[in-house]
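Here is the naming used below: chain letters follow the sequence lines, and residue numbers restart at 1 for every chain.
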Number of protein chains: 2
Amino acid sequence: MASLDQVIQAGGRRFRTATEFVEATLKQAILSGALLPGTPLRQEELATRFEMSRMPIREALRQLEAQGLVDFEPHRGAIVVEITLADSDDNFAIRSALEPQALRLSLPHLGPDDFALAEDLIAEIDSENDPARMGELNRRFHMTLYAGAGLPRLLALTEQHLVAADRYLRFHLATDGDMGQAEHRALVAACRARDENEAVAVLNRHLARARAGLSAFFAARAAS
Amino acid sequence: MASLDQVIQAGGRRFRTATEFVEATLKQAILSGALLPGTPLRQEELATRFEMSRMPIREALRQLEAQGLVDFEPHRGAIVVEITLADSDDNFAIRSALEPQALRLSLPHLGPDDFALAEDLIAEIDSENDPARMGELNRRFHMTLYAGAGLPRLLALTEQHLVAADRYLRFHLATDGDMGQAEHRALVAACRARDENEAVAVLNRHLARARAGLSAFFAARAAS
DNA sequence: AATTGTTAGATTGGATCCAATCGACAGGCA
DNA sequence: TGCCTGTCGATTGGATCCAATCTAACAATT
């Protein structure tokens with residue numbers, strides 16, 4: 001896994017503990033697809049690769065387990081969680097519950113600056129080709145519209161599941177290429193007009209369309 | 001904290017690892033109120049109390065942090081998360097997004113046995129006085145109606161936030177005494193009639209009422 | 001008197017070591 | 001042949017030890 005080494009080197013952030021560093025690095029590696037689903041995460045191997053002992057690795061793996069990114073079986077170790085249609089549906093069910101709620105609570109507190117920022121992000125997505133970057137921009141776009149909700153746990157939970165969706169997005173982009181930019185624009189327009197119901201309707205369509213696209217992808221993969 | 005020792009002794013479940021045991025025990029202690037908000041969780045103290053080394057304690061605390069039950073600050077340790085009105089609102093915003101979604105997805109797959117079980121649980125709540133037991137029964141009642149959704153992550157997330165709400169429920173019961181049994185019955189009735197919209201409406205009222213009750217409790221506490 | 005530097009104790013983060021468990025494979029037995 | 005069993009290597013779970021960091025109290029300086 002040469003690509004993991006690159007991820008370890010990258011990332012300008014500073015970390016207060018080794019555990020934080022390992023957690024953030026592994027998280028990015030899993031979400032970016034550098035670590036494929038089903039990959040076993042051997043503690044000893046990661047320890048030598050990160051140049052530290054097994055303990056920070058173990059604590060990081062525990063936290064990733066709680067975030068649903070790795071499966072942990074006692075005495076058998078951790079593996080990157082598989083990607084399945086059932087999992088994708090599960091993720092969409094959660095997002096289509098949380099995101100409309102976040103949007104409704106946020107909309108009254110959003111101002112022109114927020115909408116302008118959202119539109120800048122849409123433009124950035126247009127001029128981007130790297131799937132990982134596109135995923136991050138998409139996430140920031142959505143979170144910009146939800147930020148007004150001001151409820152930290154709701155927002156953290158929403159972002160966590162948006163992040164998890166990045167793993168699927170890669171496959172979606174492989175078949176489709178577009179990630180619903182028209183809907184992104186319609187969403188901002190509805191928000192500007194303070195039309196809450198329309199905004200939520202657009203968001204739901206956006207999610208349903210992405211879900212359908214992934215469903216088709218999994219069907220095609222199963223058939224091959 | 002004499003009550004913690006009782007919790008440690010209790011619980012008939014078998015655990016495969018020490019970490020699992022510590023996590024489950026501390027979780028129950030926090031949710032039951034045996035460990036009050038703000039209580040520092042010293043690793044060394046817990047280690048001697050559980051009669052094991054600090055390592056399983058640390059891993060358990062990491063997982064509790066990821067579940068939002070403790071705050072972990074580097075080099076400063078863990079404390080039980082505070083209970084605030086903002087936190088309660090946050091929790092309700094999440095539940096009122098997830099639970100209607102779970103109910104909608106579940107309802108088509110529920111049968112008479114499920115409704116009968118739900119009604120048994122309502123009856124059990126009627127004849128129960130212990131707040132901790134009532135919280136558990138309430139949780140099982142709600143989860144019974146959501147179980148048909150069949151999406152493991154959505155259900156786990158829903159249950160996690162129902163569990164978290166137990167911490168608030170204790171205060172609610174202290175002021176109110178009732179936990180919306182009338183709404184529980186109306187909810188099952190609507191489910192039996194396969195009236196999805198009515199069921200969701202009842203559920204939303206149920207959540208809104210509980211939220212209002214807690215809001216009043218916090219207002220009273222702030223005034224005193 | 002207020003602020004800053006310093007030092008000691010407490011507490012956590014991380015490394016190393018040992019014990020327990022799992023999986024695979026070889027050999028015995030019906 | 002097919003199944004059970006026991007041994008061995010790999011890997012994880014847990015214990016113990018040391019290093020790094022924080023808190024608080026006190027001393028020194030302005």
Side-chain angles (χ1 to χ4, degrees), chain A residues 1 4 8-9 11 13-27 29-30 35-82, chain B residues 1 4 8-9 11 13-27 29-30 35-82:
Chain A
M1 40 176 143
L4 180 56
I8 293 178
Q9 299 302 331
R13 287 173 55 192
R14 291 285 177 276
F15 297 95
R16 291 173 296 181
T17 64
T19 299
E20 278 185 9
F21 174 69
V22 174
E23 188 208 334
T25 306
L26 285 181
K27 188 170 178 172
I30 292 172
L35 289 174
L36 293 176
T39 306
L41 299 170
R42 302 270 155 249
Q43 297 176 5
E44 191 67 38
E45 181 186 347
L46 291 172
T48 60
R49 197 174 292 270
F50 278 99
E51 294 179 320
M52 58 186 67
S53 88
R54 268 174 47 216
M55 174 147 337
I57 308 288
R58 275 163 64 177
E59 292 194 21
L61 289 176
R62 287 282 180 200
Q63 290 188 284
L64 292 175
E65 181 199 18
Q67 292 173 36
L69 292 177
V70 308
D71 276 342
F72 217 101
E73 206 70 29
H75 297 283
R76 296 186 51 185
I79 64 169
V80 180
V81 292
E82 299 286 351
Chain B
M1 37 176 140
L4 180 56
I8 292 177
Q9 298 302 330
R13 285 173 56 192
R14 293 285 177 277
F15 297 95
R16 290 173 297 182
T17 66
T19 298
E20 279 186 9
F21 176 69
V22 174
E23 188 207 336
T25 306
L26 285 182
K27 188 170 179 174
I30 292 172
L35 289 174
L36 293 175
T39 307
L41 298 171
R42 302 268 155 252
Q43 297 176 5
E44 192 67 39
E45 182 185 346
L46 291 172
T48 60
R49 198 176 292 270
F50 279 99
E51 295 179 317
M52 60 184 66
S53 91
R54 268 174 47 217
M55 174 150 334
I57 308 287
R58 273 163 66 177
E59 293 193 20
L61 289 176
R62 286 285 179 197
Q63 287 186 286
L64 292 174
E65 182 200 19
Q67 292 173 36
L69 291 177
V70 309
D71 276 341
F72 217 102
E73 207 71 27
H75 298 283
R76 297 186 53 184
I79 65 168
V80 181
V81 291
E82 299 286 351

**Complete:** note: A:Leu46, atom CG; C:dG14, atom C1'; distance rounded to Å ~ 16 Å
**Prompt:** Which part of the nucleic acid, if any, lies within reach of A:Arg42 when heavy atoms closer than 4.0 Å are counted: base, sugar-phosphate only, or nothing?
**Reply:** sugar-phosphate
**Asked** Under 4.0 Å between a side-chain N/O of B:Thr19 and OP1 or OP2 of D:dG14, yes or no?
**Response** yes
May I have the list of side-chain donor-acceptor pairs in residues 63-70 of chain A shorter than 3.5 Å, sequence neighbours left out?
unit_1	atom_1	unit_2	atom_2	d
A:Gln63	NE2	B:Glu65	OE1	2.7
A:Glu65	OE1	B:Gln63	NE2	2.8
A:Gln67	OE1	A:Lys27	NZ	3.1
A:Gln67	NE2	A:Glu23	OE2	2.8

**Request:** Tell me, please, which residues at least two apart from B:Arg58 pass salt bridge (Lys or Arg N to Asp or Glu O under 4.0 Å).
**Result:** A:Glu59
**Item:** Annotated protein contacts, base or backbone, on nucleotides 18-24 of chain D with a non-hydrogen cut-off under 4.0 Å, one of B, S, - each
**Value:** ---SSS-
**Message:** Tell me the closest heavy-atom pair linking A:Ala18 and A:Pro56, and the distance in Å.
**Reply:** CB-CB, 4.0 Å
**Request:** Rounded off to whole Å, could you give me the CD-to-C1' distance for the B:Glu59 and D:dG14 pair?
**Result:** 9 Å
**Request:** Could you state the atom-to-atom distance from CZ of B:Arg62 to P of D:dG13 in whole Å?
**Result:** 16 Å
**Message:** Using whole Å, what does the distance between atom P of nucleotide C:dT11 and atom CZ of B:Arg58 come to?
**Reply:** 15 Å
**Message:** Checking B:Glu73 now: which residues fulfil salt bridge (Lys or Arg N to Asp or Glu O under 4.0 Å) with it, not counting sequence neighbours?
**Reply:** A:Arg16
When the side chains of residues 74-82 of chain B are checked against the rest of the protein, which donor-acceptor pairs come out under 3.5 Å, sequence neighbours left out?
none

**Message:** Side-chain N or O of B:Thr17 versus OP1/OP2 of D:dT12: is the shortest distance under 4.0 Å?
**Reply:** no
**Asked** For DNA chain C, whose closest nucleotide is more 5', that of A:Pro56 or that of B:Gly77?
**Response** B:Gly77
**Complete:** Taken to the nearest whole Å, CD/B:Glu73 to P/C:dT12 is 13 Å
**Complete:** With the side chain defined as heavy atoms from C-beta on, A:Ala18 is closest, among C:dG14, D:dG13, C:dA15, to C:dG14
**Message:** Using whole Å, what does the distance between atom P of nucleotide D:dT16 and atom CD1 of B:Ile57 come to?
**Reply:** 13 Å
**Request:** May I ask you to evaluate whether A:Gln43 reaches the phosphate of D:dA10, defined as a side-chain N or O under 4.0 Å from OP1 or OP2?
**Result:** no
**Request:** List for me each residue that meets side-chain hydrogen bond (donor to acceptor under 3.5 Å, both in side chains) alongside A:Arg54, sequence neighbours excluded, and say none if there are none.
**Result:** A:Gln43
**Fill in**
Atom CD of A:Glu44 and atom P of D:dG13 are separated, to the nearest Å, by 13 Å
**Prompt:** For the residue pair A:Val22 and A:Ala60, what are the closest heavy atoms and their distance?
**Reply:** CG1-CB, 3.5 Å
**Prompt:** Roughly how many Å is it from CZ in A:Phe50 to P in C:dG13, rounded to a whole number?
**Reply:** 18 Å
